[in-house]
Amino acid sequence: MSVVDDEDATLRERLADEPVPALRVLAVVAVLVAVEFGALANLVMSLPWDAVGAALPGFLQGAAATIAGVGDGLAGLPTLLSRSVIDNAGYQLPSGEWVGTFMGLSPAAAWLLRVALIYAYGFVWLLVGWWSYLVYRDNYRHADWAPVDDMVGRFRNHSWGLFGLAIIFAFVVLAVFAPALGPTTVDANIADPYLHSIEYYSEETGGVEEIYVGDANGESQSRGQGGENVGPMQYDQYDRFHPFGTLPSGKDLFTFMAAGARVSLFIGVASLVLAGGAAVVFALATAYYKGLVDLGIVIASDSIQALPQLLVIMLASFVLSGTWLANLYNGGVVLALLFGLTGWPGLWRAVRGPALQVSEREWIDAAKSFGQRPSVTMRKHMLPYVVGYLLIYASLTLGGVIIGVAGLSFLGLGINAPTPEWGRAVSAGQPYVATPSWHISLLPGILIVIVVTGFNALGDGIRDAIDPQSDVETGQQDQTAAAGGGA
Amino acid sequence: MVADSSRSDAGTAAEPADDRLLEVENLQTVFHTERETIRAVDGISFGIAEGETLGLVGESGSGKSVTARSIMGLVDSPGELLPDSSIRFDGRELTGLSETQYESVRGGGVAMVFQDPLSTLNPVYTVGNQIEEALSLHRGLSGLEATEKAIELLEDVGIPDAARRVSEYPHEFSGGMRQRAVIAMALACDPDLLICDEPTTALDVTIQAQILELLADLQEEHGLSILFITHDMGVIAEVCDRVAVMYAGEVVEQAPVVELFENPRHPYTRGLLRSIPSTQRGADRLETIEGEVPTPNAPATDCRFAPRCPEAFDACREVHPEPVPVATETADADADHTAACLLYPEDETREQAVDRHAIEDAPPGAGAVDSGGESR
Amino acid sequence: MSRPGPERTATGLAGLDCDPGETLLSVRDLRTYYESGDLIGGQPVKAVDGVSFDVKKGETLGIVGESGCGKTTLGRTLVRLEAATGGEVRVGDDDVTQLSGEDLQAWRRNAQVVFQDPESSLNDRMTVGEIVREPLDVHDWGTPAERRARVRSLLEKVGLQEEHYYRYPHQFSGGQRQRVGIARALALEPEFVVLDEPVSALDVSVQAQILNLLMDLQEELGLTYLFIAHDLSVVEHICDRVAVMYLGNVMELGPTEELFEDPANPYTRALLSAVPEPDPTAEIDRMTLRGTPPSPRDPPQGCPFSTRCPVKIRPEGFEDVDDETWEAIEVFRETLRARSRAERSLSEQAREFLGFETRFATVDEVVEELFADRELPGSIREPVDRATDLARDGDEAPALDHLREELGSVCDHEPPAAHGVDATARESRCHRHDDEYEEPAAVGPSVGDAE
Amino acid sequence: MSRWSYFARRVLLMIPIVFFGTTITFVILRMGPIDPAAAVIGASGDTEAYTSVRRSLGLDQPLWLQYVDYLRDLFTLQFGYSWVVNRGRPVWELIGVYAPRTIWLGFWSVMLPLFVGLPLGFYAGLNPNTLSDYVASFGGIVWRAMPNFWLAVIFVAVLTQSEQLFGFQWESWLVETNIVTPPELQRLWVPENFFGAFKAILPAALVLGSASMGNEMRIGRTAVLETKNENYVETARAKGVPGRKIVYKHVFRNALIPLVPIITGEAFLLLGGSVLVETVFSINGLGYLFYAATINADLPLVGSLMFFFILLSVGINIVQDLLYTLIDPRVGYGGEGA
């Protein structure tokens, strides 16, 4: 009987019983957090807290300020993978020696080293995630086998899906570590170039000079034919390394892209959380209650879908452009809201089918027959099936949102002007596509194609993992999801 | 996977009759999945004479439907027929035929009626259109002539108001009417052999009775041979002349229908018959076969029924039984009754019987009883 | 029983505590209609259309019938998975169809279902333990530890092992899954269990195992079963009494043995004679029914079985018409009925409107075929001609009405009442049980186990 | 429920959709701080002019009354006048001028994918897991992932430089056309005009249809794969129908059914995408007009155009249902066989 009693133990008791594997995981996580703690705090502090603070009632504002102070302090902690540890900014003496860079490496080498380390760090996190799943499965789960094991197994053998995962992983790392990945920073290079200066070795004076970044940018423009061009993997005349070349304004394209990735990812994820949440709640409700509830939501979603999504977002973001809302995260919050509000019908339609299918299963009747509450029935017996499908379409839709946001900023709408956004780079490079400065338009476009393809591949992988039989049924919904409203 | 290729050449088919319309010998159909190879049909042999109805009975997963599809040449990748399989129809070997060559056999020689009449008919064409398609292929009819013939066929299968029905879509038919239409479509091909794959399973009893009656009439009228696949012993008793009982991809017993029901020899057949409630009127508890049907995923080196068999002994787990003739009880003197069980032939001692099965099972050159078994 | 049982709340349903053999459930004129999906008008589907019977404590009542006869809907209505349209289901002084709140929860605890499809009745993202435990959680049964212990004992009781607790349904075969479903239904120690075709998805050999298990459990726990099935041999084996349903009505109801030995209702007789016997030597005098059951949206006005009944009463004055001619009339009516249900496409409606020929204009051919080589007496010829004229214009409904008025009998006009047919409280709904007509058994072929 | 009452029901459902869609537009127009009157009079800031514009726009009325007026005008198809973009011109007239270009563009961006993407998808579905299938599938996915505006930019650049890149000049090839101007749509029945207009729109249509092309290919492929495994296809084989005929008769027609909503859905999606493509190719179509009206705060024009789009969308939906009822005899059939 003792065996049986053991099996009754809760997860906490099981952890207490056999703590070693869990502690090992925890230790590795702690180390990983410690080396990047400053960056983490920085990330937290970079969220639009001011807006939150302003919205707080007076007596809380003091407390908020204190917390903010602590947060800023923590943000200042040194981190392993930061620009200050592995610096790629410096200048070259006529002797060929590099000054100011990490261990005297060339800026390109220093930058590449930092990029490699950051990606390695991200990859370690991925491995830790996988490892903790294995530890849980082998040490703390009662069941020897669970349906999710099969799904994971199928996904692991799905090379197309893994390809998608790899791309998305690269994209997410790019977005999350954007400040550390760029050869320079948004503040210094893009937002306030005249508040920052750099040192360079001047051949004219034969010594090290200082110059405003803004002035230096003016000398490193990429404007096609006329000889002014800083292409990918080139140095400008101030010894600054530009992995993707420069913009027509002379600003660094890679820094621009990395920061833009962050904006895109934020809008994509935030809008999908909103749209996905609404879609799932509505899908469960319509599938469970059917009838009038279903009809009502059909009409609501059809009404929203009767408006061309991109045009509505364009209109609404223009209408709202003067308001406080439009300034949150440089307009990102508004876009996320708009994409969420106009995007839920598409997602809802996609998961409604699976939800209806699950609601026809006899186990739902069984739950009703012994008096299970509707909310619990939906959560326990329907949600697990719907979530998988939601992930598929969320993945496809995310690609669509990225395209949509880029399309809007291509038109000069959406994200407020100096803030980097991929579409703006395409727009800026439009006149130079067929010139030596082709990189300005082409690279962001190719990046979008790769990322969107990655999201599509990931969606395919998830679909085949959760539902190896059906392929078509779900196919119908792809289109609107992935097309970003036609941008 | 090597061991069994020539296994059944020796045994089986107690009566190698050349006059039979269909002769299946050592049919092996396997399906390759990522993990394993399922031997859905594993070396079965049987034949059907002209005008005869052979019943193929077994539980789900026993390989009945795969047998039918193999005969029709409808087994596609990831499934395949292993090289030694042989299907002779009207003296012609079918296994090696190309897809184009098979097209003349299908319909023309052999037609098939499937289990689910709704999904069998293409939903976007009228019933008449689909019958006329068969008519134009096999009888060269077209236009008005074909339509008239289609109406005639629908009337033949007992569909009232056929002139109107011919231009209706399958979804406008009820289940029983649909199955009648499918049968009409099969008849349009003017076949010699009709394969019925659980044609009444999806139907209600009163409709089933109609369809069975119809099939009997048609058989008489057209002189059809029928391969009737079902899991329902009652239906078997009603429509068949001879019965082959399948278990886990193999034919375990084969006999004329009366003989089989009155004198079942294989323990599986006995168990199957006894677990039908209506054979045990008045009994408080039903007899059961414990356990579940296994999935045949490796060549058999034992009796696949042994784990569930109440009469199993040690050798059952080591020797693969081959069909051997068993004594008959009915008056029918030339009733060929075979059973694949180590208990038989009953006129031999148990050791002799086991040895006989072991020898027949062993591939030439390989002496060991369990050859091929250890390799996995 | 020593286990901590759920205390029956004081809130009523006292009727559940009756003694074995007493009436547990009393169903009176129960009706369940489904609204059609059409926004504008449309007939409801009369799935259960006025059904009355009693269920006695400790017995197994079988409900048999073909698909679409309403047997599953009836079971679902009893456990409140469907809302009844009318009638009542009495348990003591309470009407189950009206229960709400705590009383409803009490009923839900005491009335459980075992579903047909073992693939779909278990949530395959939950372990077997969680599945069986869920009803206990919902009704706050005992402590969590007690619940787990109870689940283990239940698994054992239905023939599974304790270690199956942490397995998922995927790891089980159909028969084992059905055992899990039974364990779940029994978790709350219900009084009444609806078994909705519990063995029809299983192979015969496994089916026998489950039937034995169900009978053992009934004996041990004193359960009351409502056993829904289409397989008559299974019903005959397990049930004490049987109700035969057709088109939402109970046609015959009585003790199993008597009903199977000497079926009284023409439908029961047809149904029994249609079952193939697993005995190749059996000589059967089969009654093969014509056509298919009518749509439950639009049931016949009189007896539900009147459209297919082989022993339908003839109206007065037509007793001498020969059988084949009379059969032809019935086929004609059946054809018109089918036509009236068939849908006309837009182009057909246009053709009809413009007076062109459509596939519906072939009614003359039908008449020709049916009646060409027959001498029809004027009393038949006239209504047939009139109906043909009406149908030629596409008005099948008036044509049918006309035929019913002129050539219909009591079977076409009045729903039959329940008649007691033997000493054992057996009831059958058929006009032929009226004294003025011959009994069904006297006019049809002999059917039943008694040979 | 018959097919046609199903169809009628669907049409009936469109009424609340138009109503709510219009309401949403009204809310969006009014939720921000933009004052239509201020935009009309521009920076001059004349109070008197401002008040008179307010009055003539009805802005001095209570909001609910404005809403009622707004609905009444639109539902009676009185679209009013443009106030900023093209001052004083009736919206209907503007639609008359701008719409043909968008329709021409939209028509070809529906047709091109249909005649390129669909056959490719069917081909891939008939030959699954071959090299050509992989190439087609992967190509379709990447082609679909390309943002329209970016693809348009590349097209314009490549075509203007076609002489250097490919050795022939696109603009003078076969017919003289420009790359970034609206197509000439006069007298299309003259073959020369027709071809010129077609060539002028071709790059834009290809770009706008790119996503659809990828989609239709992918979904066409899976639909064929799925249909191939249907029982009725097996039945057709069992009755000896030759392989080629099975494909044409039994696979293609059934595979088309799931594609109907895809194709019509895309037709609607093009409206949104047309803004970007029309901007890049300088095609003064409806999308461009809407964009111009938006950034100039010509809210009356925006409202009317949006209503027009809603009507278009509803119209496309009706066409879709009509196609469905024609192509699939089962539509709306909930009943039982007789």
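Within every chain, numbering begins at 1; the chains are lettered A, B, ... in the order of the sequence lines, protein sequences first and strands thereafter. As a basis for the values below, the full set of heavy atoms in this structure was taken, side chains included, without hydrogen atoms, waters or symmetry mates.
With a 4.5 angstrom heavy-atom cutoff, Glu287(B) touches chain C only via backbone atoms. Contacts of Ile236(B) with chain C are absent, with no heavy-atom separation under 4.5 Å from either backbone or side chain. Both the backbone and the side chain of Thr335(C) come within less than 4.5 Å of a heavy atom of chain B.
Of all non-hydrogen atoms in Thr288(B) and Gln209(C), the two that sit nearest each other are CG2-N, 3.5 Å. The minimum heavy-atom distance linking Gly291(C) with Ile207(B) is given by the pair O-CD1, 3.9 Å. Summarising the geometry of Pro277(B) relative to Leu211(C), their closest heavy-atom pair is CG-CD1, 4.2 Å, with the distance given to 0.1 Å.
Under the 3.5 Å distance criterion, the side-chain polar atoms of Glu236(C) are left unmatched by any main-chain donor or acceptor of Ser278(B). Checked by atom type and distance alone, the side chain of Asp203(C) never pairs as donor or acceptor with a backbone atom of Glu59(B) at under 3.5 Å. For the pair Asp204(B) (side chain) and Glu66(C) (backbone), a donor-acceptor distance under 3.5 Å is absent. Judged by distance alone, with hydrogens and angles left aside, the side-chain atoms of Gln210(B) form a donor-acceptor pair with the main-chain N or O of Leu289(C) at under 3.5 Å.
By number of non-hydrogen pairs under 4.5 angstrom with chain B, the leading residue of Gly65(C), Ser205(C), Gly174(C), Ser67(C) is Ser205(C). The residue among Leu370(C), Asp216(C), Val206(C), Val366(C) with the most heavy atom pairs within less than 4.5 Å of chain B is Asp216(C). Ranked by non-hydrogen atom pairs under 4.5 Å with chain C, the options Val205(B), Val293(B), Ile159(B) are led by Val205(B). Per-residue heavy-atom pair counts under 4.5 Å with chain B were compared for Ala208(C), Ser233(C), Pro280(C), and the maximum is reached by Pro280(C). Interface summary for chain B: among Gly175(C), Ala274(C), Pro278(C), the most heavy-atom pairs under 4.5 angstrom belong to Pro278(C). Ranked by non-hydrogen atom pairs under 4.5 Å with chain C, the options Cys240(B), Gly61(B), Gly234(B) are led by Gly234(B).
The 12-atom threshold is exceeded at CD of Glu36(B), counting heavy atoms of other residues, nucleotides or ligands nearer than 6.0 Å.
Here the CD-CD1 distance, from Glu277(C) to Ile276(B), works out to 10.0 Å after rounding to the nearest 0.5 Å. Here the straight-line distance linking atom CG of Leu286(B) with atom CD of Gln207(C) works out to 8.0 Å at 0.5 Å rounding. To the nearest 0.5 Å, the span separating CG on Asp232(B) from CG on Asp231(C) amounts to 7.5 Å. Atoms OG1 and CG, on Thr292(C) and Leu203(B) in that order, are 11.5 Å from each other to the nearest 0.5 Å. Expressed to the nearest 0.5 Å, how far CD1 of Ile211(B) lies from OG1 of Thr288(C) amounts to 11.0 Å. A distance of 10.0 Å separates CG in Asp161(B) from CZ in Phe332(C), rounded to the nearest 0.5 Å.
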